[in-house]
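Beneath this line is the structure, given in structure tokens, with notes to follow.
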There are 2 protein chains.
Amino acid sequence: MAEITIKYLAEKLNLAPSTVSRALNDSHEISSGTKEKVMALAKELNFQPNPYARSLREQKSKTIGVIIPERINNFFSQVIDGMEAVTKAHGYHLLVYNSNEDIEQEKTILSLLVGGRVDAIVMSISGQNQKGEHLKVLKNRAIPIVFFDRIPYDFPTTKLITNDYQAGYEGTVHLINKGCKKIIFLVLSKEVSIGKERMRGYLDALKSHNLPFNESWIVACGHSEIENIAHLEKVFYKIDRPDGVLASVEKLALATYRALAKTNIKMPEQVKMVSFSNMKIADLLCPPLSTISQPAIEIGVECANLLMKKLTKKDQPDLEDKIVTIPSVFTERESSK
Amino acid sequence: MAEITIKYLAEKLNLAPSTVSRALNDSHEISSGTKEKVMALAKELNFQPNPYARSLREQKSKTIGVIIPERINNFFSQVIDGMEAVTKAHGYHLLVYNSNEDIEQEKTILSLLVGGRVDAIVMSISGQNQKGEHLKVLKNRAIPIVFFDRIPYDFPTTKLITNDYQAGYEGTVHLINKGCKKIIFLVLSKEVSIGKERMRGYLDALKSHNLPFNESWIVACGHSEIENIAHLEKVFYKIDRPDGVLASVEKLALATYRALAKTNIKMPEQVKMVSFSNMKIADLLCPPLSTISQPAIEIGVECANLLMKKLTKKDQPDLEDKIVTIPSVFTERESSK
DNA sequence: TAAATTTTCGGAAACGATTGCACATAAAAA
DNA sequence: TTTTTATGTGCAATCGTTTCCGAAAATTTA
């Protein structure tokens, strides 16, 4: 079936395409009579203007590119839900990409996006490399971008994170108050921004409570679940085994559960754990997991709000080079009782 | 900064835009000398052809629309991951929409998409209404669409599901074999395709094992977690309370856990459960949950393959009106021991 | 009634890429 | 040398919309 175009409507109505276009856009220079006729026919034929012709002409796509390092993760799903709620209201669309924690894929995706396919980008960068040199393709482009959660250090734009340092500090203090003396810190990569900040909070908490610290307590894990479990198992088999765990990301907490299942160490009796996590069923785990959870939806909403403001209002300044912090919420459960 | 266009490249190289275009597309009618020059400059300037100009001209967008009823759900995330893996290889992009289980939103999204924004659609429809009248906007459009998981009954196209009937049957038989005599079936809506098929399997299993059946054993839940829990709690407070639960969707299994937590009924001692679920941490629940899980990634891959074939090869027939079934896998865990 | 506005609409260019066609120039055949 | 055939390139139309500019027609003002 031939698509319905403005030109087609114009012919049917014995009008010029320009008139039809203006009528559809409710321009003041079209009489209400013709407007009604045009609208009526458009409605009847279920006319939808070709988005690509419009994008080409207007030089904007009403589309936002979203790049996340993994999709099977509640946190990111929630963030995107938050974003969609606001972008939808403005008639914007979301192109979503999973970089699979891979810097090369990130690069490829970015190069795809800078060609004008999207009006803006929202991104959480992969853990492989937080330096962000691969982001330089964006530097000389005018495309607005905001980062969240996993942010690059030196890219001048707005970034949204939770209060990583403070949450790391408080999570650690919580464990200390519960009597833990040998608390390990689980991190995906020491290079990742969130890892660094959360770790700083952890270290400061130990220091301010005069607890000893051992370099080996920082346990750097990878992306392989199996290897992580094996690695953690070894950690728990040490003579001087830890009695507390602060996991900087959810998947490491889950790996800990599985590693512990292979030993006969009991949680929370022998080891207590707190984890950064946005799992909805933390309360259903064995034992229920104490979590520090990010306001994911809010983060998404805020990212989108920033961009909508920049894109839909005119004469907006570039996105400020600053970090916006939204606090996490701590929930105590059995795992750290 | 001005975007780089073919015209700009042409000027720089003293060539016509058409020549540059042909060179970039590696046309045989361009000398290798000019090709190299063009390619070199394009690479140097990081030239990306304007996707909208191209879409307009070619009448295709290299974009696929994905509509899911909820985003915070591992199953859908996995399906999309599977899809992206294959579409990416073909240079296709994914526009993802969450209909929030709302038929009105589905309609709105569809009307947005039929205007040429996407070359094809992959969809899992909301549970509100499985009749699919709201899909009629698609009927007279030539846009290929495939449905998965939650499919409409009478829309002539390819649909991908798991072996819902059989899995429902086997899950029920498993509970029967474990000694359950009063097995309830939890369903989101009796209207949803997957609910119906899974229920049919459940009913047939009861019948073929000569177990009595009570209409009240079909527990229709809603989308409100709180109400579902309250509802289930009542079910378990009945004098003739169930000793087995088959949950047709994950969220109802979780609601059951929470409802049971409010009673003093023990699982699996007093009630056993099996649920359709793609949770990765079913083994970490209390007790670990016996699951019937769909091959989500495969489903996504298969959807994408079907569409890629239709879109990238020429003279392809329309998508066949048939149902493709990919079997689920059952994993027994503590909840039904 | 004529002139000046205002309202309403049409023509045509533009956005950036692709492609059918024509036209050079070079190489091959007559 | 002339004619034919490749080969390489340019011109211009096209995709569907929006918008600048101009021109009738209708209205107001002089």
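Quick note on labels: first sequence line is chain A, next is B, and so on, each numbered from 1.
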### Message
Rounded to whole Å, please give me the gap between CD1 in Ile6(A) and C1' in dC9(C).
### Response
15 Å

### Message
Taking only side-chain N and O atoms of Thr34(A), does any of them lie within less than 4.0 angstrom of OP1 or OP2 on dT8(C)?
### Response
no

### Message
Nearest whole Å is fine: how far is dT19(C) C1' from Leu24(B) CG?
### Response
15 Å

### Message
Students often mix this up, so state it plainly: with edges at 30° and 60°, are the rings of Tyr97(A) and His93(B) parallel, tilted or perpendicular?
### Response
perpendicular

### Task
Would you mind telling me which residue lines up with the more 5' stretch of DNA chain D, Ala53(B) or Ser31(B), judged by nearest nucleotide?
Ser31(B)

### Euclidean distance, Met83(A) CE relative to Leu94(A) CG, rounded to 0.5 Å
4.5 Å

### Summary
To the nearest angstrom, the OH-P distance between Tyr52(B) and dT18(D) comes to 16 Å

### Message
With a 4.0 Å limit, can you tell me whether Gln59(B) has a side-chain N or O closer than that to the phosphate oxygens OP1/OP2 of dG16(D)?
### Response
yes

### Query
Do the side chain of Arg54(A) and the base of dT17(D) come within less than 3.5 angstrom through a donor-acceptor pair of N or O atoms?
no

### Message
I need the CG-P distance between Asn14(B) and dC11(D), as an integer number of Å.
### Response
11 Å

#### Entry: Shortest non-hydrogen contact between Cys303(A) and Val122(A), atoms and distance
SG-CG1, 4.1 Å

## Note on the structure
To the nearest angstrom, the CG-C1' distance between Leu9(B) and dT18(C) comes to 15 Å

### Message
What's the closest nucleotide to the side chain of Glu58(B) if the choices are dG16(D), dA17(C), dT19(C)?
### Response
dT19(C)

#### Entry: Gap between atoms CD and P, on Glu29(B) and dG20(C) respectively (whole Å)
9 Å

### Query
Among the nucleotides dC9(C), dT17(D), dC15(C), which one has an atom lying closest to any side-chain atom of Phe47(A)?
dT17(D)

## Note on the structure
Side-chain contact check for Ser18(A): nearest option of dG10(D), dG11(C), dT17(D) is dG11(C)

### Task
Determine, for Glu58(A) against Lys60(A), whether the closest basic-nitrogen to carboxylate-oxygen distance falls under 4.0 angstrom.
no

### Message
Between Asn50(B) and dC15(C), is there a contact of a side-chain N or O with OP1 or OP2 at under 4.0 Å?
### Response
no

### Query
Can you list the steps and then say if Ile6(B) with Phe47(B) is a side-chain contact (heavy atoms from CB on, under 4.5 Å)?
CA-CA 8 Å; Ile6(B) 281 201; Phe47(B) 167 76; 3.6 Å; yes

### Message
Can you tell me whether the side chain of Arg22(B) and the base of dG10(D) have a donor-acceptor pair closer than 3.5 Å?
### Response
yes

### Task
Output yes when Lys35(B) and Asp26(B) qualify as a salt bridge under the 4.0 Å nitrogen-oxygen rule, no when they do not.
yes

### Message
Counting only side-chain heavy atoms from C-beta out, which of dT19(C), dG11(C), dT17(D) sits nearest to Ser21(B)?
### Response
dT19(C)

### N/O (side chain, Thr19(B)) to phosphate O (OP1/OP2, dG8(D)) under 4.0 Å
no

### Query
Rounded to the Å, how far apart are Ile4(A) CD1 and dC15(D) P?
16 Å

### Task
Go through the N and O atoms of the side chain of Arg57(B) and the base of dT18(C), and report whether any donor-acceptor pair is under 3.5 Å.
yes

### Task
Report the distance from atom NZ of Lys62(B) to atom P of dA17(C), rounded to the nearest whole Å.
16 Å

#### Entry: Residue Thr5(A), side-chain heavy atoms: nucleotide from dT17(D), dG10(D), dA17(C) that is nearest
dT17(D)

